[in-house]
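The figures here come from the full heavy-atom set of this structure, side chains too, leaving out hydrogens, waters and symmetry mates. Predicted model, so just to flag it, every value in this text is computed and none were measured.
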Amino acid sequence: MHVWSQEVTLRLHERSGSITFSLPRAAWGLGSMATSSQSVEKPVPLEPQPEPGPESGPGRKHPSWQCLVFFLCFYGFMAQMRPGESFITPYLLGYKNFTQKQVTNEITPVLSYSYLAVLVPVFLLTDYLRYKPVLILQSLSYISVWLLLLFGHSVLHMQFMEFFFSLTMAARIAYSSYIFSLVHPAQYQRMAGYSRAAVLLGVFTSSVLGQLLVTVGRVFFTTLHYLSLAFLTFTLVLTILLKRPKRSLFFNHIEPAPGGGASPSELDQMHPGVDGPSGRKLGGMRLAAWTLVRMLRELGNSLQLPQLRLWSLWWIFNSAGYYLIVYYVHILWNVVEPTTDSTKVYNGGVDAASTLLGAITSFTAGYVKIRWALWAKLVIGVVTALQAGLVFLMYHTKSISLCYVAFVLFRGSYQFLVPIATFQIASSLSKELCALVFGVNTFLATVLKTIITLIVSDKRGLGLEVCLQFLVYFVYFVLLSVAYFAAALGSLWHSRRDRHQPEPLAQELSSPLKEKDVQALNLQDGALSNLQPEATTLAPEDSTWAKGPVSRELSDSRELPEAKA
């Protein structure tokens, strides 16, 4: 799916602080979906584009494109090599002798709380520090996680372990942002595909390696964690060798060439009440703040798009439920079949199979061609209902094999909708606004997930055991599917009603004399189509109606010459 192939740009002119949106609607294919805020401002002189490849610098010899791709993808692959990750829960319950209640109601909930606390600060630091320091922080946090797993003995130690794990999760954005800061925009799409493939291959390889070492090699969980620590130490060395970019999205920009600033009139439009040279020399922090405010304003206007609202809501509510299942499913597996023989624990194999199925369904979603404006809610409802059934199967079954299969299918069904949601959101927004939307959606999903965790899982709330938690999650997905089905039926009913609604006559046909004239013209021309009023333009197939439905006959009538009437 060519998510980033849209010709939508946002150019920041750092010296003057002006922002220019360039939105060629023909490249969008979403003409009538454009909001009033997506207008083209007065053009300003553009900066010369750098050559494809890494950042340029005087007298510096650049590595080839292939070497850059290989190193970044190799780093992304090695950062996922944690073969002991799939076996953390049985390790805590079996080797560390923590009780199931401690792991369920005291240790695991800390992951949701700490992730919510560090998400926004890490996001801002990623841009302000230009990516590499946050990647080093991620590697150090991973090392801290496994050191605490190996040498920690108390609940407090494991809670700190979850905190450092949340830091690694929040810092994942640094890698995806980092690779785009080093390459030319023409290479963005290919780099996104390469880096995504490297990460998925790393997760799959790590899970398979862990499972083979446990089942075939009969390696103890402790040895597996020492191996993970060795991989992570090597990853830290790779992180230190990474090049630190000179620019980022908000706080760090390359100063434009002389003569590339905006005119005073543009500055007056962008910054009312600020004029003169001092007003044009904005610092990085002030420019970043103004850019963020402007983007938030654009985002508020973009929320008028029905498809953007629908898929953002799906992202928030379904992501919260999905990650709650992922966090607690390993504890459920230990309840269904308690760990007595470590060689018969297949957590790594299940994680590998679910990762592979998720990659396949994500790839398959790119070839699904339907009218998403009409059928999106129904598709989401069907997938959510399937997820509810799989969660109930995991809750009800006493067979660990069925529980494994249900989780693999659950994860694959979620990954099927992720690229569709990504495309539906990204196709109507600029790249910068798209990143902001995904950030806001992730933050709101984290807030919802934290609230549910506090109520359902935490010992200060209901403190339910893991089986009852999955019953609650089943009800959660059932309610979501009912809401989606109700919305889908409403949309289909309105679409069918509008399709069969009779078209009104023109307002000027108010007297019997004019009606007789119309009848005469009807006999002469064979139709009244010429006298129909001009209607609102119909949006493309995959978007929504611009203002209201237009029948096929009315659309065809606009092609006839008006002088004929």
Check your understanding: Would Tyr115 and Lys449 satisfy side-chain hydrogen bond (donor to acceptor under 3.5 Å, both in side chains), going step by step from the backbone distance to the final call?
Key -> CA-CA 10 Å; Tyr115 183 61; Lys449 178 180 61 180; over 6 Å; no

Practice item. Show your reasoning for whether side-chain contact (heavy atoms from CB on, under 4.5 Å) applies to Phe470 and Val329. Key: CA-CA 9 Å; Phe470 270 71; Val329 72; 4.1 Å; yes

Practice item. Tell me, with the steps shown, if Thr450 and Leu454 meet side-chain contact (heavy atoms from CB on, under 4.5 Å). Key: CA-CA 6 Å; Thr450 303; Leu454 180 61; 5.5 Å; no

Check your understanding: Can you list the steps and then say if Leu232 with Met78 is a side-chain contact (heavy atoms from CB on, under 4.5 Å)?
Key -> CA-CA 8 Å; Leu232 293 171; Met78 292 303 304; over 6 Å; no

**Study point:** Chi angles and distances behind the ring-ring contact (aromatic ring centres under 6.0 Å, His included) call for Tyr346, Trp333
**Key:** CA-CA 10 Å; Tyr346 299 101; Trp333 293 343; over 10 Å; no

Exercise for review: Step by step, work out the side-chain contact (heavy atoms from CB on, under 4.5 Å) result for Gln387 and Asn318.
Suggested key: CA-CA 10 Å; Gln387 289 177 317; Asn318 283 60; 3.3 Å; yes

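Using a 30° and 60° split on the angle between ring planes, Phe407 and Phe410 fall in the parallel class, below 30°. Ring geometry, Tyr322 versus Tyr414: the interplanar angle falls under 30°, so the pair is classed parallel (tilted spans 30 to 60°). The aromatic rings of Tyr175 and Tyr75 are tilted relative to each other, their planes meeting at an angle between 30° and 60°.
A donor-acceptor contact shorter than 3.5 Å is absent between the side chain of Glu106 and the backbone of Lys459. Not one N or O on the side chain of Arg411 forms a donor-acceptor pair closer than 3.5 Å with the backbone of Val326. A donor-acceptor pair is defined here as one N or O able to donate and one able to accept, closer than 3.5 Å; such a pair exists between the side chain of Lys132 and the backbone of Leu242. A distance-only check finds a donor-acceptor pair linking the side chain of Ser362 to the backbone of Gln415 [under 3.5 Å]. Judged purely by atom type and a 3.5 angstrom limit, Thr397 has no side-chain atom pairing as donor or acceptor with the backbone of Met394. Under the 3.5 Å distance criterion, the side-chain polar atoms of Asn347 are matched with a main-chain donor or acceptor of Ser86. Here the side chain of Ser206 pairs a donor or acceptor atom with the backbone of Arg82 at under 3.5 angstrom. Panel note: side chain Glu337, backbone Val345; no donor-acceptor pair is recorded below 3.5 Å. Proximity of a side-chain donor or acceptor of Ser319 to a complementary backbone N or O of Ile316 within less than 3.5 Å is not detected. Remark: side-chain polar atoms of Asn105 are paired, donor with acceptor, to backbone N or O of Leu464 under 3.5 angstrom.
Atom CZ of Phe317 is surrounded by 12 or fewer heavy atoms from other residues, nucleotides or ligands within 6.0 Å. A 6.0 Å sphere centred on CZ of Phe443 holds no more than 12 heavy atoms belonging to other residues, nucleotides or ligands. Atom CZ of Phe160 has 12 or fewer neighbouring heavy atoms from other residues, nucleotides or ligands inside a 6.0 Å radius.
Rounded to the nearest 0.5 Å, atoms CG (Asp458) and OG1 (Thr104) are 11.5 Å apart. From Phe423, atom CZ reaches atom CH2 of Trp372 across 10.5 Å, with rounding to the nearest 0.5 Å. With rounding to the nearest 0.5 Å, the separation of NZ in Lys96 from NE2 in His157 is 10.0 Å. Thr235 contributes atom OG1, which lies 9.5 Å from atom OH of Tyr142 (distance to the nearest 0.5 angstrom). The distance from atom CG of Leu135 to atom CD of Gln138, rounded to the nearest 0.5 Å, is 6.0 Å. With values rounded to the nearest 0.5 angstrom, Trp375 atom CH2 is found 14.0 Å from Ile380 atom CD1.
The shortest distance between side-chain heavy atoms of Leu137 and Leu129 does not fall below 4.5 Å. Side-chain atoms of Leu167 and Val145, non-hydrogen and from C-beta on, never get closer than 4.5 Å to each other. Tyr328 places a side-chain heavy atom less than 4.5 Å from the side chain of Thr453. Contact annotation: the side chain of Cys467 approaches that of Leu332 to within less than 4.5 Å [non-hydrogen atoms, C-beta and beyond]. Contact annotation: the side chain of Ile88 approaches that of His225 to within less than 4.5 Å [non-hydrogen atoms, C-beta and beyond]. Looking only at side-chain heavy atoms (C-beta outward), Leu356 and Ile360 come within less than 4.5 Å of each other. In this structure, the side chains of Phe231 and Pro83 come closer than 4.5 Å at one or more pairs of heavy atoms. Here the side chains of Phe74 and Leu238 are in contact, with some heavy-atom distance below 4.5 Å.
For the residue pair Tyr91 and Leu150, the shortest heavy atom distance occurs at OH-CA, 3.9 Å. Residues Tyr473 and Ile452 share a closest heavy-atom pair of CE2-CG2, 4.2 Å. For Leu480 against Thr384, the heavy-atom pair with the smallest separation is CB-CG2, 3.8 Å. Of all the heavy atoms in Val199 and Gln80, the pair that sits closest is O-CG, 3.7 Å. When all heavy atoms are compared, the tightest approach of Ile425 to Ser312 is CD1-OG, 4.1 Å. Of all heavy-atom pairs between Cys73 and Ala198, the closest is O-CB, 3.4 Å.
Applying the salt bridge (charged side-chain N to carboxylate O under 4.0 Å, His left out) test to Arg172 and every residue at least two apart in sequence or in another chain returns nothing. Evaluation of the side-chain contact (heavy atoms from CB on, under 4.5 Å) rule for Thr89 yields Leu93, His330, Ile331 as partners, not counting sequence neighbours.
Between Trp315 and Phe438, a ring centre-to-centre spacing shorter than 6.0 Å is recorded. Side-chain rings of Phe474 and Tyr395 stay apart, their centers remaining 6.0 Å or farther from each other.
Within the cation-pi definition used here (under 6.0 Å to the ring centroid, within 45° of the axis), Lys377 does not qualify as a partner of Tyr484.
Inspection of the Thr239 and Ser139 side chains reveals an N or O donor paired with an N or O acceptor under 3.5 Å.
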